[in-house]
Enquirer: 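Take a look at this one; I'll ask things after.
Protein chains get the first letters and strands the later ones, always in sequence-line order, with residue 1 at the start of each.
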Amino acid sequence: MNQNPAISIQDVEKSFRLGLLRRRHVALQGLSLEIQPGEIFGFIGPNGAGKTTTIKILVGLLRPDAGSARVFGREASDPAARARLSYLPEMPDFYDYLKPAEFLMHCGRLSGMPTGRVRGRIPEVLARVGLDPAEKRPLRKFSKGMLQRIGIAQTLLADPDLYIFDEPMSGLDPIGRRWVKDLILDLGRAGKTVFFSSHVLAEAEAVCTRVAFLNRGRVIGQGPLAELLRGHQTPTEILLRGEAARKDPELSALARIEPSGPDTLLLVAAGQDPGPALARISAGGYRILSMQQPHATLEEVFLRALDGEAGRSAP
Amino acid sequence: MSRILTVAASTFRESIRNRTILAIGLLALAFVASALLLAELALDQRFRVIMDWGTLCVSAFGVGLAILLGVNQVHKEVRRKTLYVVLSRPIARWQYVVGKYLGLALTLLCEAGALSVALVSLLVLDGHAVPASLGYALLMAFFEMLLVAAFAVFFASFSSPYLSGLFALGTFVIGRSLPTLHQLIERVEWPALKASLKAGLAVLPDLSRFNLSTQAVHHLPIPPEAVWLPLLYGSAYLLLLLTLSAWIFSRRDLT
């Protein structure tokens, strides 16, 4: 069966007029992305890169100047496209005087759920996000972390196919971040599509199956996480006891040598076979203390992509 | 329809629980009740003073609340992003605008209803018969509030809260003074200016048609057309304003 992508963004452009002089600020330029159902997709970029603008286009809050944004094959501006998605804005704030159950009833009814079904789901989702289903306080008395939880509860209510989270971990303590991470993984296991933006790279790395890097409104790299990490190899690090190896000319031809306290660190370039260096170590009688090849982190991959972009755009 | 009613219900619930709105409502009740104090100064004109002051309070507080709510409802939701979780659901923007307006209208109905009950109670307590024309006067005052609220929502769909408030208040003041302004325009001698001023005023609603308090105070008969014609005229205005507001809001980027 030919299945529509969960999200399809083609050559989207968006700019805003800012300030008194109404200067044109380009937020997105030629942005293209495709996310398949069941993916956990991380949308990574620094502040001001255009992540929130992209998300707002997907949920129908903004219209692109050019290009198209589709959700499960429907134009994002069509209200029917939003029947299969739910959205958590960054740092959400809700109605002051509504109680959690009232707010969720409001959200459920807007999603087109029958009253009886919403009523049945409210205790379930409140319990799932760790809030007391009998909570009677109005939302204005909730802490930031509790508001984030009620924000996530409203996304779970209609059990949609696509979850769009804008910086879901920002403003949360480590326990809250861990909880959101686990929730995203649970949704992925349940076959849901999760599209989330983040600049907390370590946490994105822990949950994504695929990522795209965004900078100044342009995608500067994307792909499956494992592939991106593999594509950015790091040097093999061999720690040798003592300083004797530092003056070995054969060894210095095979690897970079750096002092490491009283010992010596050998760095065999990424992608190069460490065999010859190991043979020379053995022949020279040097003692290996440790050997490792640390894998690249998402942060390193992202920073390299940024550096590459800066190099390309430099005059 | 259910989505419109859901937005209306939440808007109404938020408004009636809002402490500022409650405080305004209580202040309005106190003002209406003060009609009894003013009546003490009026000797044999007690009925007239209670009616004049009471209908003035119902109308003034109602119009004030209509402007405050109409201007702030959408702006507050955009500023605080509460709107995002609403419009990211399968709801059209026009449904949101109509729902917000209905919620606002329900809040105004409660406020105007409570003040009207207070005014009628004062008349009864003071030993006066309640004239049937008071019912018409209060109905028209309520409709005027609805119209002013629609103007506030319309201005708020494209300008800042302060400007929207000023525009809505200006529309109310000019709308109430329209017959006087028409008389003044007749004195203008330059034909081009006269025609353009007339055209300008033709766009604005004649809110003086909704003011039947004089007839109620003086027990003057109110012909049926003095009620249904303005209601028809006001309904057409209201529909036009809501359509324009929804159209503008549908094209707006929510940054």
Enquirer: Going from CG on A/Leu110 to CD1 on B/Ile4, what distance comes out if it is rounded to the nearest 0.5 angstrom?
Expert: 11.0 Å
Enquirer: Locate the shortest heavy-atom distance separating A/Tyr97 from B/Arg17; write the atom from each residue and the value.
Expert: O-NH1, 2.8 Å
Enquirer: Looking only at non-hydrogen atoms, find the nearest pair between A/Pro79 and B/Ala92 and report the distance.
Expert: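 Smallest heavy-atom distance, with atoms named: CG-CA, 4.0 Å.
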Enquirer: Apply salt bridge (Lys or Arg N to Asp or Glu O under 4.0 Å) to the pair A/Asp96 and B/Arg80, showing each step before the final yes or no.
Expert: CA-CA 10 Å; A/Asp96 280 340; B/Arg80 294 185 52 193; 2.9 Å; yes
Enquirer: Chain A: which of B/Arg93, B/Arg13, B/Arg3, B/Lys76 shares the most heavy-atom pairs with it under 4.5 Å?
Expert: B/Arg3
Enquirer: For chain B, find which of A/Ser111, A/Pro138, A/Ala81, A/Ala27 contributes the most heavy-atom pairs closer than 4.5 angstrom.
Expert: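 Highest number of heavy-atom pairs under 4.5 Å: A/Ser111.
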Enquirer: Which atoms of B/Gln95 come close to chain A, meaning under 4.5 Å heavy atom to heavy atom: side chain ones, backbone ones, both, or neither?
Expert: neither
Enquirer: Determine the minimum heavy-atom distance between B/Val85 and A/Phe103, stating which atoms define it.
Expert: CG2-CZ, 4.2 Å
Enquirer: Is A/Arg140 in contact with chain B via its backbone, its side chain, both, or neither, using a 4.5 Å heavy-atom distance?
Expert: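 Side chain only.
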Enquirer: May I ask you to decide if A/Phe94's main-chain N or O and B/Lys81's side chain share a donor-acceptor pair within less than 3.5 Å?
Expert: no
Enquirer: When heavy-atom pairs shorter than 4.5 Å are enumerated against chain B, which of A/Arg109, A/Met105, A/Arg84 gives the highest number?
Expert: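 Looking at each option in turn, the highest pair count goes to A/Arg109.
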Enquirer: Side-chain contact, heavy-atom cut-off 4.5 Å: B/Tyr84 with A/Val59?
Expert: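 Heavy-atom side-chain distance check fails, nothing below 4.5 Å.
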Enquirer: Is there a donor in the side chain of A/Arg82 and an acceptor in the side chain of B/Ser88, or the other way round, less than 3.5 Å apart?
Expert: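 Judged by distance alone, the side chains do not pair up.
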Enquirer: So, does B/Arg89 use its side chain to make a donor-acceptor pair with the main chain of A/Ala83 at under 3.5 Å?
Expert: no
Enquirer: For the interface with chain B, which of A/Pro160, A/Ser77, A/Gly112, A/Cys107 has the highest count of heavy-atom pairs at distances below 4.5 Å?
Expert: A/Cys107
Enquirer: Ignoring hydrogens, what is the shortest heavy-atom contact between B/Thr6 and A/His106? Give both atom names and the distance.
Expert: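 Heavy atoms of B/Thr6 and A/His106 come nearest at CG2-O, 3.5 Å.
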Enquirer: Name the member of B/Ile16, B/Leu83, B/Asp253, B/Leu87 that forms the most heavy-atom pairs with chain A at distances under 4.5 Å.
Expert: B/Asp253
